[in-house]
Structure formats: structure tokens, C-alpha cells
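These notes concern the structure reproduced below.
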Amino acid sequence: MKNFETRGPVSAERNYVVSRTDEIVDFINRVKQGRYIVIFAPCQTGKTTFFRWALDVLADEAETYFPIQLDFQAYSNVPPSAFYGYLYKDIRKEIEVVFQKRGSAPSEALSQFLEDAKITEHISMIEFFEQLASLQPTTRFVIIIDEFDGIPQAIVSDFLYSLRRIYLSGTAARCPYSLGMVGVKSITQLNYDRSISPFNIQDEFALANFTVEQVRELLGQYTAEVGQAFAPGVMESLHKQTAGQPFLVNRFAQILTEEMDIPKTEPIGMTHFSEAHTQLLEERNVNVQHLITNIRRNPHFESLLMKIVSYEKGMPFNPDNELIGELVTYGIIAEGADGMCEIVNPIYQYRIMRTFQPL
């Protein structure tokens, strides 16, 4: 029996999942056009799962595309020389893994190149990719970098400039042909010299929360497998309280289907929903801990958030305001239909007000 996952990347074999078919098609089309894509979204919105699925689809469509998955999470405090050394090792390992998955082996020339090559700084990285492309002229290398925010700050500008230079080379055989950088922050929010624009060729791809239709898709998989239905209004209420935030949706479903002793022959109704909602409002799960940590990062957040939740005051949405931009990055606020800032969902609003409630 499958379950609802809240602890990391999900698998369709063991978890109920939202397929995000339209988003994957959009992403794949951008890759095929050779775009350098920035995928950014708050923590626990399914970024890692999404790009892994997208690369699987791409790999299954044609062997012309050669997907390489990297992860910068552990690199934030390493010196530049060590970073480039680890980058080379990771790329080499991933190339070998892809060949193994496809039941083939690299050519002797490619194997020798990977054995002898070194990447020590951003210029040698460009040369490495040029030689890799020359050895595989019909291959389109697609590199996805997860946790791109982990790149050492000392090298982020040179690294992005180098990728920009590759992109602007204009050749169909450039390497990487397409690039995806996955992180919480968009490139413009990374801490590089604000007087320059090292990566103005980016194609931004924002991964949105689940729609109400996607919540129905997710919970419908449970009903199809177990036979337990959701009463009218439950799915819509669940989406309204979470605004489709993937962790909260799955956590809500966990409580309803795994932790509450509801007979499987009985529909999950609004009374059950209210009980699960109360539990979710009070518990300290990983997502709520992230929320509280983020709103305490800056002492100015408190006054700003209290204005946003105030019906009398409110706060106009201004994406150029640094504090507002940070809270958007953390997935805490968004622009409302009236052009004002709003907390993204009622659960977050409740926890924010309780966090800053005077003793």
C-alpha cells in the first residue's frame, strides 16, 4: 500500500504523487530549446522530485540527451579549488552512471579524457566542457544542479559568467546544451556583486503549489487504492487551508489516512477534517520549523508581517522591497488579487501570529 510522503523526494512506486504533467512538458520543451533554466521555489515544494522526473522523461525520449545530476548542498564552505575538484569528480561519476544505466560504455577516447582531465577554476571548466563536447559531438548534455544556493559565495560570479559565455557561444554542440539550476533563491538574489549581471540569459521557472485539481488527483489515488472516499468539501477545504503547499497537503493527508483511526468503510468527512486541521495547527513539524526559523531571521520581519495580517493597515506588494522579496523567497507571502501582500495560507498565518504573540 502506498502512502503520503513528507520526508523527501517521492516515488510513484511507493507514494501517492501529483504528476505535474503540464509542468514537466513545459520544462522539457525549454530543455530541448537549449535554455539555461533557473528553477526556484521555497523549501519542501517538490523541486528535487520534479527535476528528477523531468530528467527521467527526457532520458526515455531519446538518447541524444545526456542528463547529468549534480548537487551543491555540501559545498557552501569549501574553498574554490576544492569546489572545482569536487565538481569534476561529480560530473565524471554521473557520466559513468548514465552509461551504466543505458547498458553501454564510454568510448576509449572519452574514458581516457575523463581519466586525465582536471577542473581547477572557471576557465578550465569551460575548456573541460569544450573537450567533452568535441568527443561527443552528437550528444546534448543536460546538467541539473540541485541546491544551487550551496555554491561558495567566493566563486558564484565567475561560475555564472563562465556558464553565460558557454550559452552565448551560439553553437548547437555547446556543452552543457541546456542547464537547470534548482534552489530556493532566484539568481538575482544570490550574493554576487550587485553592479553586474553575470547571468542575464536565465529562463526562470517557478514551481507553483498544487492546484485544487492536483489535490483532488493526489487524494483520488488513495481512494482508488483503498476504497475510502472523501466527503464533499473536504478536498476543497484542505486546499484552502494549505493553499496547495505540497508538504502541508501531504501532512494533512497523512493525519487523515494514517494517524486518525477512521474505519476504511467510512468516508472521511468534515468532522475528521476539523480534527486533523486542529492537530496540524498545533504540531511542530519540519515545515513549521522552517517557517518559524525564517520569520525570525530578520528582526524587521515581525513588524512587516504584523502589518500584512492587519486588516486596518495591510502592506502593498512591492517586489523591489528587500524584506518583501525575502519573505516571498521563503514561501511565506505572495501578492494578493488586490495588489496587497498576503500570507500564503491560513495555517502559516496562524503560526506567524502565534510566534509573535506577546507573552
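Note that the structure is predicted; figures quoted are calculated from it, not measured.
The shortest side-chain heavy-atom distance between Phe128 and Tyr84 does not fall under the 4.5 Å cut-off. Side chains of Ser237 and Met270 form a contact here, defined as non-hydrogen atoms less than 4.5 Å apart. Between Phe129 and Arg174 there is no side-chain heavy-atom pair separated by less than 4.5 Å. With contacts defined as side-chain heavy-atom distances shorter than 4.5 Å, the pair Pro267/Phe230 does not qualify. With contacts defined as side-chain heavy-atom distances shorter than 4.5 Å, the pair Ile95/Leu132 qualifies. Side-chain contact check for Met181 versus Leu160: some heavy-atom pair is nearer than 4.5 Å. Side-chain atoms of Thr211 and Val215, non-hydrogen and from C-beta on, never get closer than 4.5 Å to each other. Residues Ile343 and Leu305 are in side-chain contact: their nearest non-hydrogen atoms beyond the backbone lie under 4.5 Å apart.
Within a 6.0 Å sphere centred on CD of Gln289, heavy atoms belonging to other residues, nucleotides or ligands number more than 12. Within a 6.0 Å radius of CG in Asp116, more than 12 heavy atoms belonging to other residues, nucleotides or ligands are found.
The backbone N or O of Val142 lies less than 3.5 Å from no partner atom in the side chain of Ser178, so there is not a single donor-acceptor pair. Lys118 places no side-chain N or O within donor-acceptor distance of the main-chain N or O of Tyr88, the cut-off being under 3.5 Å.
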- Query: Does the side-chain hydrogen bond (donor to acceptor under 3.5 Å, both in side chains) test come out yes or no for Asn345 and Thr242, once each step is laid out?
  - Reply: CA-CA 5 Å; Asn345 62 61; Thr242 63; over 6 Å; no

- Mind running side chain to side chain contact (heavy atoms under 4.5 Å, CB included) on Tyr36 and Ile166 for me, showing each step along the way? CA-CA 10 Å; Tyr36 278 24; Ile166 294 170; 3.4 Å; yes

- Message: Ile255 vs Met260, test: side chain to side chain contact (heavy atoms under 4.5 Å, CB included). Steps then yes/no.
- Response: CA-CA 6 Å; Ile255 297 171; Met260 296 176 62; 4.0 Å; yes

- Can you list the steps and then say if Arg20 with Phe210 is a side chain to side chain contact (heavy atoms under 4.5 Å, CB included)? CA-CA 9 Å; Arg20 290 194 185 267; Phe210 297 157; 3.2 Å; yes

- Item | Thr278 and Glu275: CA distance, side-chain angles, deciding distance, side-chain hydrogen bond (donor to acceptor under 3.5 Å, both in side chains) verdict | CA-CA 5 Å; Thr278 299; Glu275 184 179 337; over 6 Å; no

- Please assess Glu94 against Arg92 for the test salt bridge (Lys or Arg N to Asp or Glu O under 4.0 Å), listing each intermediate value before the final yes or no. CA-CA 6 Å; Glu94 283 298 308; Arg92 177 181 176 180; over 6 Å; no

- Might you work through the side chain to side chain contact (heavy atoms under 4.5 Å, CB included) test for Phe4 and Leu219, ending with a clear yes or no? CA-CA 9 Å; Phe4 295 95; Leu219 300 182; 3.9 Å; yes

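Cluster annotation: Leu291 is connected to Leu281 through the hydrophobic network of ILVMFWY side chains, with a link wherever side-chain heavy atoms come within less than 4.5 Å. Ile292 and Leu280 end up in different hydrophobic clusters when Ile, Leu, Val, Met, Phe, Trp and Tyr side chains are linked at under 4.5 Å. Under a hydrophobic clustering in which Ile, Leu, Val, Met, Phe, Trp and Tyr are joined whenever their side-chain heavy atoms come within less than 4.5 Å, directly or via other members, Ile262 and Phe273 fall into the same cluster. In terms of hydrophobic clustering, with Ile, Leu, Val, Met, Phe, Trp and Tyr side chains grouped at heavy-atom distances under 4.5 Å, Met315 and Met306 are assigned to a common cluster. Ile347 and Leu327 fall within the same hydrophobic cluster, defined by Ile, Leu, Val, Met, Phe, Trp and Tyr side-chain heavy atoms under 4.5 Å apart, directly or through other members.
The list of salt bridge (Lys or Arg N to Asp or Glu O under 4.0 Å) pairs with a residue in residues 242-258, not counting sequence neighbours, reads Arg251-Glu259, Arg251-Glu283. Sorted by first and then second residue, the salt bridge (Lys or Arg N to Asp or Glu O under 4.0 Å) pairs with a member in residues 262-271 form an empty list; sequence neighbours excluded. Among residues at least two apart or in separate chains, salt bridge (Lys or Arg N to Asp or Glu O under 4.0 Å) pairs with a member in residues 220-242 are Arg216-Glu236.
The aromatic ring centroids of Phe66 and Tyr177 lie 6.0 Å or more from each other. No close placement of the Phe356 and Phe301 rings is indicated, their centers lying 6.0 Å or farther apart. Note: Phe83 and Tyr86 fail the aromatic proximity criterion, with ring centroids not under 6.0 Å apart.
In this view, His290 satisfies the side chain to side chain donor-acceptor pair (under 3.5 Å) rule with no residue, not counting sequence neighbours. Evaluation of the side chain to side chain donor-acceptor pair (under 3.5 Å) rule for Thr21 yields Ser19 as partners, not counting sequence neighbours. Every residue two or more places apart in sequence or in another chain that forms a side chain to side chain donor-acceptor pair (under 3.5 Å) with Gln228 is listed here: Tyr222.
The only member of Val10, Thr49, Leu218, Val249 that meets side chain to side chain contact (heavy atoms under 4.5 Å, CB included) when paired with Val18 is Leu218. Test Val182, Leu87, Leu179 against Ile145 for side chain to side chain contact (heavy atoms under 4.5 Å, CB included) and you get one pass: Leu179.
Between Asp26 and Arg30, at least one side-chain N (NZ, or NE/NH1/NH2) sits under 4.0 Å from a carboxylate O, which counts as a salt bridge. For the pair Glu326 and Arg297, the salt-bridge criterion is not met [side-chain N within less than 4.0 Å of a carboxylate O].
The nearest pair of heavy atoms linking Arg354 to Glu282 is NH1-OE1, 2.5 Å. Nearest heavy atoms, Met235 versus Gly220: CE-N, 4.3 Å. In terms of heavy-atom proximity, Val328 sits nearest to Pro42 at O-CG, 4.5 Å.
Neither side chain, Gln131 nor Ser134, offers a donor N or O lying under 3.5 Å from an acceptor on the other. Between the side chains of Asp90 and Tyr75, a donor-acceptor pair is found at a separation under 3.5 Å. Side-chain atoms of Thr6 and Asn250 form no donor-acceptor pair, as typed in the model, at a separation below 3.5 Å.
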